[in-house]
Amino acid sequence: MLSAILVVGLLATIFGIVLGFSAVKFKVQGDPLVEKIDKLLPQTQCGQCGYPGCKPYAAAIANEAAEINQCPPGGEQTIQDLAALLNREIIPLNPENGAEKEKSVVIIDEETCIGCTLCIQACPIDAIVGAAKQMHTIIESECTGCDLCIPPCPVDCIIITPIKKDLTTWQWAKPTELGINNSDKQAQVATDDQ
Amino acid sequence: MISKLFKFKGGVHIPQHKESSTQLAVEPASIPKRLILPLTQHIGTPAAPIVEVGQKVLKGEKIAQADGYVSAPVHAPTSGIIEDIGDYPLPHPSGMLAQCIVIKPDGEDRWIELKGHSGDYKQLDPSELRNIIRSSGIVGLGGAGFPTSIKHNPGPDRVIDTLILNGAECEPYITCDDMLMREKSREIICGLLITKHALQAKRCIIAIENNKTLAIESMQQAAKEFADRNIEVVAIPTVYPAGSEKQIIYTITGKETPKNGLPLHIGVVCQNVGTTAAVYRAIHHGEPLISRYVTIAGDVKQPRNLEVLFGTSANDLIEQCGGSTADIRRIIIGGPMMGFAMQQITIPVIKTTNCILIDAGQTKDLHTRQYTMPCIRCDSCADVCPVNLLPQQLYWFSKAQELDRIQEYNVFDCIECGCCDYVCPSQIPLVQYYRFAKSEIWKRERETQKSDAARDRHEFHQFRIDREKAEKAEKLRQKKAALKIKKQATDQSNEIGNNDKKEAEPKNAAIVAAMERVKAKKAQQKVEPKNTDDLTDHQKKLVTEIDQRRAEQRETQVSNSNDNAKMDNKEL
Amino acid sequence: MSLYAPSSPHIHNDNSITKIMLKVLYALIPGILVYIYIFGFGVAINILLAIITALSCEAIMLKIRQRPIMPFITDGSAVITAVLLALSIPSIAPWWIIFLGTAFSIIIAKHLYGGLGYNPFNPAMVGYAMLLISFPQQMTTWQLSTPATFIGLPDSFKFIFGDHTPAQLATDAISGATPLDYLKNQLGLSHHVSDIMNSSNVFGLLGGNGFEWISIAFLIGGLWLVKQKIIHWHIPATMIGSLAAVATLFYVIDPDQYASPLFHIFSGATILGAFFIATDPVSAATTAKGKIIYGACIGLLIYIIRTWGGYPDAIAFAVLLMNMSAPTIDYYTKPKTYGH
Ligand code: SF4
Ligand code: SF4
């Protein structure tokens with residue numbers, strides 16, 4: 001008994017020292033908090049969070065002036081990542097700011113565009129090219145899908161399109177562990193997935 | 001002479017089921033009514049079509065050309081008419097559609113004029129050989145489909161010590177390489193010699209699993225003729241995955257392909273037997289790659305190998321093997337360990353299709369998992385992992401989506417051989433977990449890249465706006481300063497007094513006038529950067545015109561999805 | 001038409017947890033038979049009792065945790081836990097001991113930690129440790145193994161359920177301390193090892209009288225398991241190896257004070273522990289190197305606790321202590337990946 005206690009105590013002490021030591025030794029000296037938070041935000045720059053862009057929202061989170069659930073484009077994933085970074089509770093997305101939706105881009109209907117340049121000024125990332133009275137177009141690969149260019153357009157020629165799925169972006173699904181359906185017999189479920 | 005083989009770690013012994021499909025000699029499959037040729041039959045960028053619908057093509061004619069370095073052209077497998085260029089299902093687990101060229105064969109099967117280099121290939125420069133191989137559309141036929149010409153280009157000062165010809169074919173059921181080695185051993189060896197010449201390799205080792213006695217005999221027979229060329233046929237132990245590139249290299253040379261490296265970094269190139277046979281046909285006869293041996297096995301009446309034109313539907317082949325023995329419930333392209341189950345049976349055979357495996361519930365060995373239990377950390381998976389990973393740890397991390405940790409445990413070294421999955425007593429779909437984790441990591445990677453780019457652009461956007469503001473302010477300041485100097489000058493020459501006021505008044509008037517002018521000009525130029533409220537007449541006119549045009553359009557194409565989106569958008 | 005299209009591999013070798021557990025059970029049979037032959041039917045009753053308790057507790061817990069019952073009940077893991085626990089406690093212990101121990105193992109040590117695959121500690125050993133701490137008296141009173149003390153089925157029943165001695169035998173005559181316990185006490189009274197061994201009939205040829213034969217039977221079963229690739233050789237080999245090594249060291253230094261390595265190996269639950277308890281996959285280290293460290297440390301701890309600790313046998317505590325460090329060991333013993 002005595003030695004058991006001794007050994008446990010010893011082990012605990014050793015682990016404690018190792019842990020404490022490594023915590024000091026391997027402490028990650030990284031970017032300031034705002035940068036770190038900003039890295040996790042989707043950079044859509046849509047302002048749905050109520051701040052004029054991702055960086056200001058990141059700053060607000062860092063100052064504890066904002067909750068981590070205000071970003072609809074980032075959705076659940078971003079909330080989880082932020083919660084992990086900041087050691088906060090995972091909370092559901094604030095529905096007032098909108099819902100998480102499928103990633104999309106916008107395109108300009110070339111037939112309709114009158115070349116008014118209004119959308120160009122609205123785009124937070126300069127992803128629209130065009131000149132006055134010339135047809136405008138959106139650089140699809142750069143578009144973040146923030147939809148900020150849609151309201152200014154006088155002729156409603158900007159259209160939301162979901163991002164095309166192709167073989168390069170196709171993903172394997174995470175196994176559900178619902179057992180695998182073998183033949184017609186409904187497979188049994190036996191998992192401890194919490 | 002190879003004195004010693006090396007035993008790679010792990011691996012499993014799986015019932016082979018190879019006898020039934022090797023009973024009959026290989027015959028050409030009949031030409032189907034329609035050939036559907038995907039433009040992605042290889043790794044890399046899809047080929048670009050160079051034909052038009054309705055055009056007549058001859059057998060062997062190039063119908064799509066390589067687009068970029070890592071790409072391969074596609075040739076017409078038979079003569080006929082281009083019926084369509086459009087989206088058709090690919091032999092891909094996603095069941096997605098992608099661009100394909102559809103040929104309606106005319107039944108004549110007429111070749112284009114072929115020009116071969118029989119015998120004199122040695123006069124050709126390796127780079128010329130590579131060009132022929134490239135334009136013949138040859139890619140690795142073992143399964144990966146990497147363009148062969150690239151493999152044949154090790155770079156200027158790489159010495160290739162060993163060229164391994166992979167005839168292991170370790171997956172159960174598949175016998176197409178086995179049959180090829182039995183029937184076309186001479187072609188294979190000639191192709192091997194060409195490859196050896198192209199690579200300037202010192203020695204060639206033909207590695208065949210020791211359960212393929214007939215193939216080994218036939219290859220040895222054929223190799224005898226070239227006894228002075230440093231070719232050796234080696235029987236390697238039958239254990240899955242002996243035919244995987246990394247494992248076969250280890251078995252033969254005892255060297256490991258470095259991580260993130262290629263076999264040629266250790267002086268080895270590995271080539272599938274089918275590929276070398278294709279190389280032979282391309283060089284000696286000038287024939288592009290248009291067909292291959294395919295095993296049709298599993299629950300079909302007569303399992304066998306057929307020589308199949310690319311683009312032939314799996315369904316047609318099943319029919320030619322007497323149909324399935326019961327209702328098909330799974331169709332697997334490739335072997336049971338690494339092949340992909342398809343959502344349809346009408347998918348076409350492509351360059352990398354080595355086997356079509358049918359599961360109609362009649363073969364007991366083709367059973368799958370019954371149910372998944374929790375991992376009991378029994379470690380069977382780690383015992384069999386040929387790359388020495390810790391599959392159960394990867395599983396935990398993938399399940400918990402700890403993507404950093406899973407990379408720390410080298411998930412990207414996993415070759416997805418399925419050994420761990422095969423032996424797991426809890427019957428966990430381990431490989432799918434790794435695939436999920438890998439594709440999730442890629443997705444995150446893409447997203448990070450995109451959001452980084454967006455951040456940069458946004459920052460630049462802010463910077464640009466600030467700069468413009470600053471520039472404007474600067475200009476204003478300069479003007480003011482200039483005015484001041486002028487004023488001072490006038491002040492100096494004039495008396496100080498109420499002149500000031502008199503001077504200022506016309507000045508103010510001038511500014512107001514200028515502003516008016518600018519406004520008027522702006523109005524004229526119709527570039528007023530405001531929303532609809534302040535639109536100029538002309539703009540308003542444009543708007544109404546557009547609205548009219550759109551209304552007409554809507555009437556004509558109500559079902560158009562774009563329009564739907566637009567309307568949705570309006571509702572918002 | 002959309003066919004069933006799961007990820008590869010599309011075949012499986014049809015192994016299952018149930019099959020593994022069954023093999024472990026088969027491997028235990030020779031040991032159990034010898035046990036019965038030497039000590040009577042007490043152990044058989046204990047095992048049965050433990051299995052029934054374990055399965056009922058398992059079913060109840062699965063129900064409460066809303067898990068599918070059939071696959072887990074039939075996986076065999078609860079049965080193994082029950083049998084191992086039953087084999088570790090004295091065959092003349094009263095029924096409530098085995099009942100409490102098994103229930104504790106299954107409910108607390110297994111299900112409260114998340115059930116099969118999630119328990120960081122070996123459930124049977126947690127149950128055993130709980131019993132040993134709570135009921136030291138009952139847990140250390142073993143039956144003596146002399147032909148005269150073989151207890152038949154009816155008497156065993158009386159012992160276990162009636163909690164009283166069969167009429168024709170005095171309790172003292174059939175029960176006493178285990179060889180390890182006895183040795184320890186006597187050494188405490190500064191007797192010499194050889195004298196002690198000669199003075200009492202609890203000692204046999206190799207270890208404890210009777211225990212040695214049981215151990216050999218377990219050894220045979222264990223070797224069969226290794227051959228069947230159900231367990232790896234690493235843990236048993238290094239555990240017995242390190243125990244033997246330290247024992248030899250001290251035995252050479254002072255044979256009067258320290259028992260021989262053979263005695264250590266064939267007394268108590270060393271063999272059972274090495275092949276059946278320490279190898280419990282869920283709670284042990286999993287990498288090859290890790291297993292070696294893990295086994296060696298258990299062997300060492302056993303010797304330390306047996307010789308200087310407060311408890312005569314030490315398998316449970318040694319195993320539990322090492323269970324705690326298994327994740328850390330695993331972390332630092334990652335094997336080299338191909339090509340790295
Ligand atoms: S084989 Fe399956 S149960 Fe065993 S450790 Fe690996 S994943 Fe877990
Ligand atoms: S699938 Fe990956 S982890 Fe599993 S055995 Fe093969 S290489 Fe190892």
Side-chain angles (χ1 to χ4, degrees), chain A residues 38-39 41-45 53-55 77 80 103 107 109 111-114 116-118 121 123-127 132-133 141-142 144 147 150-152 154-161 165-167 169-175 177-180 182-185 187-193, chain B residues 40 90 92-94 96 98 329 361 367-374 398-399 401 427-429 432-433 435-436 438-440 443 446-448 450-455 457-462 464 525-527 529-532 535 539 542-543 546-547 549-550 553 562 565-566 568-570 572:
Chain A
D38 193 39
K39 275 225 169 87
L41 296 175
Q43 303 302 322
T44 316
Q45 315 292 359
C54 297
K55 192 75 168 269
Q77 187 64 54
Q80 276 174 20
K103 291 247 175 326
I107 52 170
D109 178 7
E111 287 279 294
T112 325
C113 172
I114 56 170
C116 68
T117 75
L118 294 177
Q121 292 159 51
C123 179
I125 56 157
D126 293 345
K133 280 160 86 184
S141 60
E142 304 294 345
T144 62
D147 300 349
I150 292 174
V155 291
D156 275 345
C157 72
I158 304 180
I159 301 149
I160 303 178
T161 45
K165 287 209 177 74
D166 62 8
L167 292 180
T169 52
W170 179 74
Q171 253 196 302
W172 282 96
K174 185 174 183 183
E177 289 215 4
L178 291 177
I180 301 286
N182 189 20
S183 70
D184 22 40
K185 185 183 95 208
Q188 300 183 57
V189 187
T191 167
D192 252 21
D193 238 338
Chain B
T40 332
L90 285 192
H92 189 274
S94 64
M96 273 185 190
R329 61 177 192 193
H367 57 198
T368 46
R369 308 172 187 90
Q370 298 296 319
Y371 43 71
T372 299
M373 297 284 283
S398 169
K399 188 169 158 178
Q401 298 206 25
Q427 313 202 350
I428 300 169
Q432 195 182 344
Y433 272 104
R435 287 186 167 144
F436 159 73
K438 286 181 186 175
S439 51
E440 187 70 17
K443 185 185 117 198
R446 280 197 303 272
E447 277 173 3
T448 322
K450 187 153 185 196
S451 72
D452 283 350
R455 184 185 302 109
R457 289 184 81 94
H458 180 63
E459 272 164 12
F460 183 75
H461 171 89
Q462 295 298 33
R464 181 174 61 82
Q525 282 177 343
K526 303 122 202 147
V527 288
K530 294 263 170 64
N531 215 340
T532 33
L535 285 184
Q539 273 182 336
L542 278 177
V543 170
I546 288 290
D547 275 343
R549 221 185 316 159
R550 193 160 36 193
Q553 263 182 9
N562 281 358
K566 226 184 293 176
D568 286 348
N569 182 14
K570 260 198 166 161
L572 287 175

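For the numbers below, each heavy atom of this structure counts, side chains included, while hydrogens, waters and symmetry mates do not. To find a chain, count down the sequence lines: A is the first, B the second, and so on, and within it residues start at 1.
Note on B:His461, B:Gln462, B:Lys438, B:Arg464: by heavy-atom pairs under 4.5 Å with chain A, the leading option is B:His461. Chosen from B:Ala98, B:Gly361, B:Pro93, the residue pairing most often with chain A at heavy-atom distances under 4.5 Å is B:Pro93.
B:Lys450 contributes no side-chain N or O that, together with a main-chain N or O of A:Thr144, makes up a donor-acceptor pair within less than 3.5 Å. Using a distance-only test at 3.5 Å, with no hydrogens or angles considered, no donor-acceptor pair links the side chain of B:Arg435 to the main chain of A:Ala173. Checked by atom type and distance alone, the side chain of A:Gln43 never pairs as donor or acceptor with a backbone atom of B:Ala453 at under 3.5 Å. Of the possible polar contacts, none joining the B:His458 side chain to the A:Ile125 backbone as a donor-acceptor pair under 3.5 Å is found.
Within the 4.5 angstrom heavy-atom criterion, atoms from both the backbone and the side chain of A:Gln171 approach chain B. For chain B, the nearby part of A:Gln77 is the side chain; its heavy atoms alone come within less than 4.5 Å. Contacts between A:Pro42 and chain B at a heavy-atom distance below 4.5 Å involve the backbone alone (N, CA, C, O). No part of A:Thr44 comes within reach of chain B, as not one of its non-hydrogen atoms sits under 4.5 angstrom from that chain. Looking at B:Thr448, there are no atoms closer than 4.5 Å to chain A (heavy atoms on both sides), in backbone or side chain. Heavy atoms closer than 4.5 Å to chain A are found in the side chain of B:Glu459, but not in its backbone.
Contact annotation: the side chain of A:Lys55 never approaches that of B:Arg455 to less than 4.5 Å [non-hydrogen atoms, C-beta and beyond]. Between A:Pro175 and B:Pro429, the closest side-chain pair of non-hydrogen atoms falls below 4.5 Å. Residues B:His92 and A:Trp170 form a side-chain contact, since some pair of their non-hydrogen atoms from C-beta on lies under 4.5 Å apart. Proximity of A:Glu142 to B:Arg457: side-chain heavy atoms (C-beta onward) are separated by under 4.5 Å at one or more points.
Among all heavy-atom pairs drawn from A:Trp172 and B:Gln432, the shortest one is CE3-CG, 4.3 Å.
With rounding to the nearest 0.5 Å, the separation of OG in B:Ser439 from NZ in A:Lys174 is 12.0 Å.
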